Chemist: 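Got a structure here, written out as structure tokens. Questions coming.
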Amino acid sequence: MGLISLVKELLMAFFFVCSVQFWRMALFWSFSVLFSYYRLFKASLSQWLVFKPVILDKCPFFSQKLVSYPRCYPYTSNFRPVCVVTGATSGLGLAAAYKLSKEGYVVAIVGRSQQLLSETIRKIKDSNEDAHLKAFQVDMSSIESIIKFKVSLRQWLLDSDLHCSLQLLINNAGILATSPRVTAEGYDQMIGTNYIGAFALTKLLLPLLESSPVSSKIVNVTSFTHRAVTDVQVDEGTVSGKRFLRSIQYPYAQIYEYSKLYLILFSKELHRQLCLMGKSHQIFVNVADPGVVQTNLMREVPTILSSLALRVLKFLQLLQFPESGVDSIIDAALAPPGTSGAYYFGGKGRTINPSALSHNAKLARELWESTSKLLSVTPFGAEGNSW
């Protein structure tokens, strides 16, 4: 049986390597992360040469300069701040939940598996016995599940001694699916989990974020892979992923890239709308790119190939463990009040520019409209789109 399993694994790896999507990941994604570090190095070198470190309280969305923001820890004398972390049962989500619990947050942990949620609470409690945690079983690819979570979260806040509001939302849940799957709404599951779920959850929780007695933050976790996208459509067929489900060969690498680009465009448009509504001083929106982190994301890639990739990345000193890779997420979560629209990358509070395409304001507005229209015929309906 051992030999048969090995042969099967080798065959899977062979067919995987023969696909265009594999080489897109191997080449385009490698270039994308190297380019991000190049931007970080270039900006850092420029600042060092002129002996002029930049630390600002505010900046336009996606500033053209590298900006470093100090962390600002939550003010907790009157009440305990509450945060929601999706995809919190492993990897970056688990690391973020643990670190935020250490900073005084009451952490609502969101995950698909009840067993993994229980294990996550135990792990965090073992390292921080003072942690205040609450587990919620949610499928981020299901609109119905997200709506139920919003109701459960609000009821939990009302039943507890906590203020009925939310101070921090971290949209971290994400998957890399190498084969096509469909959600209950008919969306591609990967794009449904990585982007549409985050869009729906954010809009549903905006009233709780707005009712916070102190400023609140939204952190969308994206990826350097968005740089591989040079052109994208934001029609309903593409945003839902239905167009990809009809493809002869499932373009999983492209869909993952699109979902991460969509998160940045969504963040940009949300930031703009908050400004127009005069709420930009209440709710701040930032994006975090952790870089290359050893998580369960590649679990659907043949083990031989994923292990080889990790070895190469480790040799190049690009691979991080979740404990250090989470730094950009925590930087965004603990950014000073007034900081909005920054793209965090590289830790130490540093920010860089995302891709040129992510700056397209017209594209961001069209994406918002397409996603809202898509969700208007689901149980999300008027409840989420009324904001």
Side-chain angles (χ1 to χ4, degrees), residues 56-64 67 69 71-72 74 81-87 96 100 105 140 165-174 194-212 214-223 226 259-290 328-345 349-355 357-369 371-372 384-385 387:
L56 302 175
D57 288 330
K58 294 183 179 180
C59 76
F61 202 94
F62 301 141
S63 168
Q64 297 299 310
V67 183
Y69 295 96
R71 289 183 179 179
C72 182
V82 179
C83 72
V84 169
V85 182
T86 67
L100 290 169
Y105 279 94
M140 286 300 295
S165 63
L166 189 62
Q167 284 66 53
L168 175 62
L169 168 62
I170 298 181
N171 287 311
N172 167 73
N194 297 4
Y195 165 65
I196 298 175
F199 181 100
L201 179 63
T202 300
K203 292 194 72 177
L204 287 171
L205 296 187
L206 279 171
L208 288 176
L209 289 158
E210 187 180 354
S211 62
S212 172
V214 297
S215 61
S216 53
K217 299 187 184 79
I218 299 166
V219 178
N220 291 321
V221 181
T222 185
S223 166
H226 82 275
S259 70
K260 294 304 180 179
L261 174 64
Y262 287 165
L263 276 174
I264 304 174
L265 291 169
F266 164 56
S267 302
K268 183 181 182 69
E269 179 61 13
L270 178 58
H271 173 86
R272 188 187 72 87
Q273 294 208 17
L274 288 168
C275 289
L276 289 175
M277 298 175 69
K279 298 178 181 180
S280 59
H281 65 288
Q282 295 173 274
I283 306 173
F284 307 121
V285 188
N286 289 304
V287 179
D289 178 353
S328 62
I329 299 175
I330 302 301
D331 288 339
L334 300 181
T339 305
S340 193
Y343 183 96
Y344 286 84
F345 178 81
R350 292 176 293 182
T351 64
I352 59 173
N353 274 334
S355 70
L357 190 60
S358 68
H359 289 275
N360 192 319
K362 181 174 180 290
L363 195 65
R365 288 195 295 273
E366 290 174 352
L367 174 65
W368 180 285
E369 291 166 3
T371 311
S372 297
N385 285 323
W387 181 83

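As the structure is a prediction and not an experimental result, all values here were calculated from the model. Nothing fancy with the numbering, it's 1 onward along the sequence. Note: hydrogens, waters and symmetry copies are ignored here, and every other heavy atom, side chains too, is used.
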Chemist: Listed by chain and number, what are the side-chain contact (heavy atoms from CB on, under 4.5 Å) partners of S215, not counting sequence neighbours?
Modeler: F284, P337
Chemist: To check you understand the geometry: which heavy-atom pair defines the closest contact between A333 and Y105, and what is its length?
Modeler: O-OH, 4.4 Å
Chemist: Sequence neighbours excluded, which residues qualify as side chain to side chain donor-acceptor pair (under 3.5 Å) partners of N220?
Modeler: N171, S267
Chemist: Show the nearest heavy-atom pair for residues Q167 and L209, with the distance to one decimal.
Modeler: C-CD2, 4.3 Å
Chemist: Who passes side-chain contact (heavy atoms from CB on, under 4.5 Å) against A364, sequence neighbours left out?
Modeler: L265, K268, E269
Chemist: S355 vs L261, test: side-chain contact (heavy atoms from CB on, under 4.5 Å). Steps then yes/no.
Modeler: CA-CA 9 Å; S355 70; L261 174 64; 4.2 Å; yes
Chemist: Report the C-alpha distance between L100 and I170 in whole Å, list the side-chain angles of each, state the deciding distance to 0.1 Å, and finish with yes or no for side-chain contact (heavy atoms from CB on, under 4.5 Å).
Modeler: CA-CA 11 Å; L100 290 169; I170 298 181; 3.5 Å; yes
Chemist: Atom CG of D289 and atom CD1 of I329: how far apart are they, to the nearest 0.5 Å?
Modeler: 9.5 Å
Chemist: Would you compute the distance between atom CG of N286 and atom NE2 of H271 and round it to the nearest 0.5 angstrom?
Modeler: 9.0 Å
Chemist: Can you confirm whether N353 sits close enough to Y343 that some side-chain heavy atom of one is under 4.5 Å from a side-chain heavy atom of the other?
Modeler: no
Chemist: Please identify each residue that fulfils side-chain contact (heavy atoms from CB on, under 4.5 Å) with Q282, with sequence neighbours left out.
Modeler: E210, K279
Chemist: Could I get the full list of ring-ring contact (aromatic ring centres under 6.0 Å, His included) partners for F266, not counting sequence neighbours?
Modeler: F199, W368
Chemist: Mind listing the closest non-hydrogen atom pair of K260 and T222 along with its distance?
Modeler: O-OG1, 2.9 Å
Chemist: Of all the heavy-atom pairs spanning P354 and H359, show the shortest one and how long it is.
Modeler: O-NE2, 4.0 Å
Chemist: For S259, give me all partners under side chain to side chain donor-acceptor pair (under 3.5 Å), at least two apart in sequence or on another chain.
Modeler: N194
Chemist: Which pair of heavy atoms, one from K203 and one from S372, lies closest together, and at what distance?
Modeler: NZ-OG, 3.8 Å
Chemist: When you compare the side chain of L206 with that of I218, does any pair of heavy atoms fall below 4.5 Å?
Modeler: yes
Chemist: Please list all pairs passing the salt bridge (Lys or Arg N to Asp or Glu O under 4.0 Å) test where one or both residues lie in residues 334-345, with sequence neighbours left out.
Modeler: none
Chemist: Determine, step by step, whether T339 and K217 satisfy the side-chain contact (heavy atoms from CB on, under 4.5 Å) criterion, reporting the C-alpha distance in whole Å, the side-chain angles of both residues, the deciding distance to 0.1 Å, and the verdict.
Modeler: CA-CA 9 Å; T339 305; K217 299 187 184 79; over 6 Å; no
Chemist: So how far is it from I283 CD1 to Q273 CD, rounded to the nearest 0.5 Å?
Modeler: 12.0 Å
Chemist: Taking side chain to side chain donor-acceptor pair (under 3.5 Å) as the definition, give me every residue that meets it alongside Y195, ordered by chain and number, with sequence neighbours left out.
Modeler: T371
Chemist: Are any non-hydrogen side-chain atoms of P81 and L168 less than 4.5 angstrom apart?
Modeler: no
Chemist: Mind checking side chain to side chain donor-acceptor pair (under 3.5 Å) for R365 and listing every partner two or more places apart, or none if nothing turns up?
Modeler: none
Chemist: By salt bridge (charged side-chain N to carboxylate O under 4.0 Å, His left out), which residues pair with D331, not counting sequence neighbours?
Modeler: R71
Chemist: Got a sec, which residues hit side-chain contact (heavy atoms from CB on, under 4.5 Å) with S328, two or more places apart in sequence or on another chain?
Modeler: A288, P290, Y344
Chemist: Going by side chain to side chain contact (heavy atoms under 4.5 Å, CB included), H226 matches just one of L357, L263, I264. Which one?
Modeler: I264
